[in-house]
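Here is the structure we will look at.
No experiment lies behind these values; they were computed from the predicted model shown. Both counts, for ligands and for their atoms, begin at 1 and track the order of listing. All heavy atoms count here, side chains included; hydrogens, waters and symmetry mates do not.
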Amino acid sequence: MNEASVNLEEAGISEGISEVIVTTQSAAGERNAAPIGIITTMNEQEQGEIKYFMKLYKGSRTLANVLETNTLAANVTDDVVLFVKVAFENLSEKYFTDFEGMPVLKEANAWIVFTTVLVEESSEYFRFRLMPKAVEIRRKEVKAINRGRNAVIEAAVLATRFEITKDEQGREEMRKERERYNEIVKKCGGRREKEAMRVLQEKCPFR
Ligand SMILES: Cc1cc2nc3c(=O)[nH]c(=O)nc-3n(C[C@H](O)[C@H](O)[C@H](O)COP(=O)(O)O)c2cc1C
């Protein structure tokens with residue numbers, strides 16, 4: 001694969017930030033999954049060259065594994081229940097299969113294996129450039145925008161931040177924001193989105 005020119009649009013990754021489930025393994029072979037954003041940039045000055053990046057905040061299992069193996073897999077899915085689960089628990093083996101020597105999620109619509117190159121280290125995160133190594137598109141789905149689905153993802157991001165927020169004022173604002181997402185899911189979501197919010201409430205009750 002000519003890494004510099006790969007366009008992953010067909011696999012569901014487009015300009016901006018695409019939320020995926022990243023699967024990794026440690027050098028000892030322990031598997032992990034977590035929701036993470038792929039940052040895609042397109043530079044007009046460089047003949048529209050497309051580049052992929054990821055910021056991994058310190059303390060995550062994903063970061064530890066990437067530092068050990070320089071490899072990760074992006075699983076493209078819009079399964080909101082899965083997003084919420086992987087944000088807060090270790091997935092059991094039954095969810096995984098193998099692709100190009102990497103653990104990936106059986107249910108994903110596409111898999112992309114990337115080699116990672118460390119480009120920046122700050123006090124809070126490591127930023128990596130991602131070089132696509134292998135792609136498999138398993139299913140192409142046509143879906144209209146659903147505000148409920150989007151609200152679940154916002155609520156999940158908020159929940160992972162709530163866990164590391166210590167000041168009570170910040171937490172109170174987050175509770176209000178969470179309530180707003182709850183209302184959107186009630187109004188616009190289907191059964192999957194409502195189930196995802198139930199799981200989120202159970203995993204992170206915002207207390
Ligand atoms: C939709 C979504 C996107 C996220 N994006 C990122 C990200 O880009 N970088 C990051 O470090 N954490 C991100 N997080 C938070 C991690 O998923 C979270 O810290 C997780 O617990 C890490 O799990 P791990 O320790 O198993 O790697 C995101 C969470 C959600 C719900």
Side-chain angles (χ1 to χ4, degrees), residues 12-41 51-93 95-96 102-105 108 112 114 116 118-130 145-166 174 177-178 181-182 184-185 189 192-193 195-206:
I13 306 297
S14 40
E15 194 180 7
I17 300 184
S18 304
E19 308 301 344
V20 297
I21 297 178
V22 167
T23 44
T24 53
Q25 58 192 351
S26 66
E30 270 175 83
R31 300 168 158 201
N32 190 73
I36 306 281
I38 294 182
I39 305 159
T40 303
T41 62
K51 290 183 184 166
Y52 304 99
F53 297 93
M54 197 168 272
K55 264 187 192 175
L56 294 176
Y57 286 85
K58 291 186 176 174
S60 73
R61 191 68 253 160
T62 303
L63 174 61
N65 289 352
V66 166
L67 289 173
E68 278 182 23
T69 63
N70 302 320
T71 311
L72 59 85
N75 297 260
V76 178
T77 175
D78 63 358
D79 183 337
V80 282
V81 176
L82 202 54
F83 262 94
V84 166
K85 269 179 177 257
V86 295
F88 291 97
E89 66 184 52
N90 292 330
L91 285 187
S92 66
E93 284 296 314
Y95 286 92
F96 291 95
M102 282 299 288
V104 290
L105 299 180
I112 307 133
F114 292 98
T116 61
L118 180 61
V119 289
E120 182 191 355
E121 181 182 351
S122 83
S123 55
E124 291 169 359
Y125 62 81
F126 285 74
R127 192 164 65 93
F128 297 89
R129 177 149 177 212
L130 309 180
I145 288 169
N146 180 288
R147 290 176 60 206
R149 201 183 313 133
N150 293 349
V152 172
I153 298 300
E154 291 304 325
V157 172
L158 192 67
T160 58
R161 291 195 186 137
F162 185 86
E163 299 272 293
I164 51 172
T165 300
K166 298 284 169 252
M174 288 180 166
E177 207 179 325
R178 154 72 156 255
Y181 298 137
N182 264 335
I184 296 173
V185 174
R192 281 305 271 176
E193 288 74 25
E195 168 64 5
M197 285 306 260
R198 192 195 60 75
V199 174
L200 193 60
Q201 178 64 31
E202 194 181 282
K203 300 285 175 200
C204 176
F206 277 64

Considering only non-hydrogen protein atoms, determine which one is nearest to [atom] and report residue, atom name and distance to 0.1 Å.
{"atom": "atom 27 (O) of ligand 1", "answer": "T62 OG1, 2.6 Å"}
{"atom": "atom 1 (C) of ligand 1", "answer": "V157 CG2, 3.4 Å"}
{"atom": "atom 8 (O) of ligand 1", "answer": "G37 N, 3.1 Å"}
{"atom": "atom 26 (O) of ligand 1", "answer": "N32 ND2, 2.9 Å"}
{"atom": "atom 9 (N) of ligand 1", "answer": "K55 O, 2.8 Å"}
{"atom": "atom 12 (N) of ligand 1", "answer": "I36 CD1, 3.7 Å"}
{"atom": "atom 29 (C) of ligand 1", "answer": "P35 O, 3.5 Å"}
{"atom": "atom 23 (O) of ligand 1", "answer": "A34 CB, 3.5 Å"}

If I apply the N/O under 3.5 Å rule, does I153 come out as touching ligand 1? no

Are any of the N or O atoms of T160 closer than 3.5 Å to those of ligand 1?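 The answer is no, given that T160 and ligand 1 share no N or O pair closer than 3.5 Å.
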
Is there a donor-acceptor contact under 3.5 Å from the side chain of E193 to the main chain of V185? no

Could you tell me, atom by atom, which parts of ligand 1 come under 4.0 Å of a heavy atom of R61?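 Counting from 1, the qualifying ligand atoms are 24 (P), 25 (O), 26 (O), 27 (O).
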
Proximal atoms of ligand 1 relative to L56 (non-hydrogen, under 4.0 Å): 11 (O)

Tell me which part of E19 gets within contact of ligand 1: side chain, backbone, both or neither, using heavy atoms under 4.0 Å.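 The answer is the side chain.
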
Looking at non-hydrogen atoms alone, which of A155, A87, G59, A33 comes nearest to atom 21 (O) of ligand 1?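 Residue with the shortest heavy-atom distance to the ligand atom: A87.
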
Quick test of your reading of the model: are R192 and E195 salt-bridged, counting only N-O distances below 4.0 Å? no

